[in-house]
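Note: hydrogens, waters and symmetry copies are ignored here, and every other heavy atom, side chains too, is used.
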Amino acid sequence: MTSHEVNFLPQSYRLRRERFRRRCRQGALAAVMAASLMGWWMIQRGQTAAWRGYAQTLEAEVEAARLQAQGMAKLHDQRRMLIRQLNLQQELAQPVRHTQILLALSQVVPESIVLTWLDMTTQRPAPEPLMPAGAKASSSAGKSNRASGDAPVEDLIRIELAGLAPDDLTVANLLEALKLHPLFTNAKIHFSRNTDIGGVSARQFQIELTVPLGRRFQIAPPVEEEVARAG
C-alpha cells in the first residue's frame with residue numbers, strides 16, 4: 001500500500017460526509033418533486049379556470065337561448081291573438097262600405113232621375129244560442145226545429161230607394177242597370193205611378209234591391225288608371 005492510498009480521515013468523518021451527500025440528494029429530489037407538483041398544480045389551476053370560464057359561457061348562452069325561446073313563444077302567442085282578432089274583425093265587419101254602395105248607385109242612376117228617399121238596412125244572422133254544458137241536442141229535435149223554424153237569415157244589406165223619373169222607360173232602364181250591376185242582387189220594383197209636381201207630369205217609383213255580404217268583394221281600379229294604362 002502506498003502513501004497515496006492510505007486514508008488518514010477518521011471513520012466518523014466519512015460517515016458524516018456520506019450522510020450529508022445523501023441528505024443533499026434527498027433535498028434536491030424533494031425540491032424537484034415540489035417544483036413538479038407546483039407546476040402541475042399551476043397547470044391544473046389554469047385548466048380549471050379555463051373550463052370554469054367555458055362553463056360560464058355555456059350557461060350564459062343557455063340563458064340567452066331560454067330568454068329567446070320565451071320571447072319567441074310570446075311572439076307566437078301575440079301572433080295567434082292578432083290572427084284571432086283579425087278573423088273576428090273580418091267576420092264582424094262588412095266586406096263593403098255604405099259609401100261604396102252610394103258610389104255604385106250614383107254611377108247607375110241617370111241624371112234624369114231624382115232620388116227622393118233612400119234607406120239601407122244591414123241584416124246580419126243572429127248567433128246560435130249556446131248550449132248548456134253537458135247538454136246534447138237530439139237529431140229529432142233538430143229536425144223538428146228545422147221543419148218548424150223560419151228560413152235562415154241571410155247576411156245582406158237591404159236597399160230601398162224612391163224617386164221621380166220622366167217616364168216608364170227611364171225607370172225600366174234603371175231597374176235593368178241595377179240587375180246587371182255585379183254589386184246588387186234581387187232588384188225589383190214595388191210600384192211606378194204617375195204623379196204631378198208643380199204642373200209637371202212624372203213617374204214616381206220605388207225599387208228594392210239587396211247587396212249580399214256573404215261573398216268576397218274586390219274594388220276595381222279607377223277608370224282613369226285603366227285609360228292611362230291602355231295609352
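One distance of note links CD1 of Ile207 with CD1 of Ile159; it measures 11.5 Å at 0.5 Å rounding. Leu161 contributes atom CG, which lies 7.0 Å from atom CG of Leu174 (distance to the nearest 0.5 angstrom). Remark: Ile189 CD1 to Asp168 CG distance equals 7.5 Å, nearest 0.5 Å. One distance of note links CE of Met72 with CZ of Arg79; it measures 10.0 Å at 0.5 Å rounding. Going from atom CZ of Arg158 over to atom CG of Asn186 covers 8.5 Å, rounded to the nearest 0.5 Å.
At most 12 heavy atoms of other shown residues, nucleotides or ligands fall within 6.0 angstrom of atom CZ in Arg45. Atom CD of Gln70 has more than 12 heavy atoms from other residues, nucleotides or ligands within 6.0 Å.
Ring planes of Tyr54 and Trp51: perpendicular class, angle over 60° (limits at 30 and 60°).
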Residue pair Ile113, Phe205: steps toward the side chain to side chain contact (heavy atoms under 4.5 Å, CB included) verdict
CA-CA 10 Å; Ile113 292 180; Phe205 65 91; 3.6 Å; yes
Run the numbers on Arg203 and Asn194 for side chain to side chain contact (heavy atoms under 4.5 Å, CB included), then give the verdict.
CA-CA 5 Å; Arg203 297 294 297 182; Asn194 286 326; 2.5 Å; yes
Set out, in order, the CA-CA distance, both residues' side-chain angles and the distance that settles side chain to side chain contact (heavy atoms under 4.5 Å, CB included) for Leu178 and Leu105, then state yes or no.
CA-CA 8 Å; Leu178 292 174; Leu105 286 174; 4.0 Å; yes
Ile197 and Gln204: CA distance, side-chain angles, deciding distance, side chain to side chain contact (heavy atoms under 4.5 Å, CB included) verdict
CA-CA 10 Å; Ile197 301 176; Gln204 184 179 9; over 6 Å; no
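Proximity of a side-chain donor or acceptor of Thr210 to a complementary backbone N or O of Thr185 within less than 3.5 Å is detected.
Neither Leu164 nor Leu115 shares a network with the other; the hydrophobic side chains, linked directly or stepwise wherever heavy atoms of I, L, V, M, F, W or Y lie under 4.5 Å apart, form separate groups for each. Residues Leu102 and Val114 fall into different hydrophobic clusters, defined by Ile, Leu, Val, Met, Phe, Trp and Tyr side chains chained together at heavy-atom separations under 4.5 Å. Criterion: ILVMFWY side-chain heavy atoms under 4.5 Å apart, direct or through other members. Under it, Leu103 and Ile157 are not part of a common hydrophobic cluster. Both Leu183 and Leu213 are members of a single hydrophobic cluster when ILVMFWY side chains are connected at heavy-atom separations under 4.5 Å. In the hydrophobic clustering of ILVMFWY residues, with side-chain heavy atoms under 4.5 Å counting as a link, Val108 and Val171 come out together.
Salt bridge annotation for Glu176-Lys179: absent, with no cationic side-chain nitrogen under 4.0 angstrom from a carboxylate oxygen.
Qualifying side-chain hydrogen bond (donor to acceptor under 3.5 Å, both in side chains) partners for Arg80, counting only residues two or more places apart in sequence or in other chains: Asp77. Checked against side-chain hydrogen bond (donor to acceptor under 3.5 Å, both in side chains), Arg52 has no partners two or more places apart in sequence or in another chain.
One side chain, Thr170 or Asp167, offers a donor N or O that lies under 3.5 Å from an acceptor on the other.
Leu156 and Pro212 make their closest contact through CB-CA, 4.0 Å (heavy atoms, listed as atom of the first residue, atom of the second, distance). For Pro166 against Ser112, the heavy-atom pair with the smallest separation is CD-O, 3.5 Å.
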Below 3.5 Å, can you tabulate the donor-acceptor pairs from side chains in residues 18-38 to any protein atom, sequence neighbours excluded?
from  : atom 1 : to    : atom 2 : distance (Å)
Ser36 : OG     : Val32 : O      : 2.9

